[in-house]
Amino acid sequence: MRILLKKIKQLATPTGSMLKKGKDMSQITVMKDVDVYIENGRFKEIGHGIKPDIQGENGENIEEIDCSDLVATPGIIDPHTHIPFAGERHREFYLRQKGKSYIEILKEGGGIINTTKAVRAASEDQLIRQNLEYAMEMFSKGVVVFEGKSGYGLDIESEIKQIRVLCEMEKLLPQKIVKTFLGPHALAPEFDTYDSYMEFIVENMLPLVYEEFGGDIFADIFCEKGVFDIRQSEKYLEKAFELGFKIKMHADEIEYTGGSVLAASHGAKSADHLIAIETEGINALAESDTVAVMLPGTSFFLGKPFAPARRLIDSGAAVAVASDFNPGSCTFNDPHFIAHLASSQLKMSPEEILTAQTLNAAAALDISDEWGSIEVGKKCGLVLWNISDYRFVPYFPGHSIVHTVISPYIDGCHVE
């Protein structure tokens, strides 16, 4: 792969390999009329008037693109999705319009358990086919990396099946997939209590998942009143960390339980949702390197309040933004719409949103040394936009504004 992007009208990117906290989230680099040269899947040179050798070491010719009418940003990174899943849950969507809560639907055998039945019944091939379509939709909108979770199987065989599906999908896609084990997502139907299920997860699931997939996988838990409490969550996180997992958490989504404090104190890479977070949790995240991942699409879909992104940023926390794409509580996988919600509802600036969807999103997945910014040496995830200015993205959702997506996993450019 040898690509020369000539005279990019405007290039906007955060810089560095570390997460950006507080006011530093607004500090981005903007360049005009700049060239970017890509070789072997990485940014090789950034500047003006770049003239690489006509043929590279392997005799490859250069693919040159006139970018004089285009804007460039790093490729978008989605650090929280529930891919892969099977089935659908549209009936629950209408039950909520009649006043049923998420927890009420879950206790009546709906919610996650509905998807569990579908995932258990689906073959790996069926899961791959359905979820490849979702992933390619995301790629066409600029998503070059996304996180996928298990958590809909709730037994050893089905949980491992979901992670294997993610591994197979990654071989077929132009995207990097970061994998997460979310066995403690709900109470498995075979168990009577959360304590007995947690014991099974800690003693059986976690060791088997680590044995098969190694230390490159995250462990996540749904810490919430009526689901897994703080005591159970701490037991899980400590075992996961002991085995060698990187950790993250669903925290303080429906009620404040202190999940954000637990995430920060245990070195979690991210604490996600945080709709109900309180001052104690905000301060804990601000004093840590745990990324606060906002999921505004879920608030919009469920008609719930939005997480206090402004307070988190102003307190000095690192904030990222993700889709939470799933069949039950957020069916949006469009990063442009999520960016719009981050602006209109979370009150984030365009610069903060750009950082939140790129470098901080990469930090939430522990890949910011290679992804999340347009800098020499990093992986060449990049979006060329058919817009006048990078600030246009949150303002103009629902339109086809992506010109080209570049990924290190494809030979040349894509999506024109």
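- A distance-only check finds no donor-acceptor pair linking the side chain of Q357 to the backbone of V321 [under 3.5 Å].
- Checked against the 6.0 Å centroid criterion, the rings of H250 and H80 qualify as a close aromatic pair.
- The distance between the ring centers of F146 and F139 does not fall below 6.0 angstrom.
- Y395 and F392 have their aromatic ring centers within a separation under 6.0 angstrom.
- T116 contributes no side-chain N or O that, together with a main-chain N or O of G153, makes up a donor-acceptor pair within less than 3.5 Å.
- Between L166 and I177, the shortest heavy-atom contact is O-CD1, 3.7 Å.
- One finds the CD1 atom of I338 at 11.5 Å from the CD atom of Q345 (value rounded to the nearest 0.5 Å).
- Taking each heavy atom of M249 and S233 in turn, the nearest pair found is CE-CB, 4.4 Å.
- Judged purely by atom type and a 3.5 angstrom limit, H266 has no side-chain atom pairing as donor or acceptor with the backbone of E234.
- Taking the six-membered ring wherever Trp is involved, the centroid distance between the rings of Y152 and H185 falls below 6.0 Å.
- Across all their heavy atoms, K141 and I76 have their closest contact at O-CD1, 3.9 Å.
- Sorted by first and then second residue, the pairs that involve residues 390-401 and meet salt bridge (Lys or Arg N to Asp or Glu O under 4.0 Å), not counting sequence neighbours, are D389-R391.
- Residues passing the salt bridge (Lys or Arg N to Asp or Glu O under 4.0 Å) test with R42, sequence neighbours excluded: E370.
- The distance from the CG atom of D220 to the CD1 atom of I247 is 10.0 Å, given to the nearest 0.5 Å.
- The ring of F213 has its center no closer than 6.0 angstrom to the ring center of F181.
- In this pair, Y197 and F228 present their aromatic rings tilted. The plane angle is within the 30 to 60° band.
- In this structure, S343 contributes its side chain and A339 its backbone to no donor-acceptor pair below 3.5 Å.
- Atom-to-atom distance recorded for S349:OG and M25:CE is 7.5 Å, nearest 0.5 angstrom.
- The distance from atom CD of Q232 to atom CD1 of I221, rounded to the nearest 0.5 Å, is 7.5 Å.
- For the salt bridge (Lys or Arg N to Asp or Glu O under 4.0 Å) condition, the pairs that include at least one residue of residues 200-218, sequence neighbours left out, are R164-E212, D216-K246.
- Scored by the salt bridge (Lys or Arg N to Asp or Glu O under 4.0 Å) test, K9 finds no partners at all (sequence neighbours excluded).
- For D78 (side chain) and S323 (main-chain N/O), a donor-acceptor pair under 3.5 Å exists by modelled atom type.
- Salt-bridge annotation for D35 and K6: present, with a side-chain N of the basic residue lying under 4.0 Å from a carboxylate O of the acidic one.
- Not counting sequence neighbours, the partners of D229 by the salt bridge (Lys or Arg N to Asp or Glu O under 4.0 Å) test are R231.
- With respect to T115, the side chain to side chain donor-acceptor pair (under 3.5 Å) criterion is satisfied by exactly one of R89, H82, R120, E88: R89.
- When each of R310, K21, K347 is tested with E352 by the rule salt bridge (charged side-chain N to carboxylate O under 4.0 Å, His left out), just one qualifies, namely R310.
- To the nearest 0.5 Å, atom NZ of residue K248 and atom CG of residue D272 are 5.0 Å apart.
- Screening residues 171-183 for salt bridge (Lys or Arg N to Asp or Glu O under 4.0 Å) gives E168-K171, E170-K179 as the qualifying pairs, with residues at least two apart or on separate chains.
- Here CG of L173 is found 11.5 Å from OH of Y409. Values are rounded to the nearest 0.5 Å.
- Between F85 and F325, the ring centre distance stays below 6.0 Å.
- Looking at T81, its side chain does come within 3.5 Å of a backbone N or O of E147 through a donor-acceptor pair.
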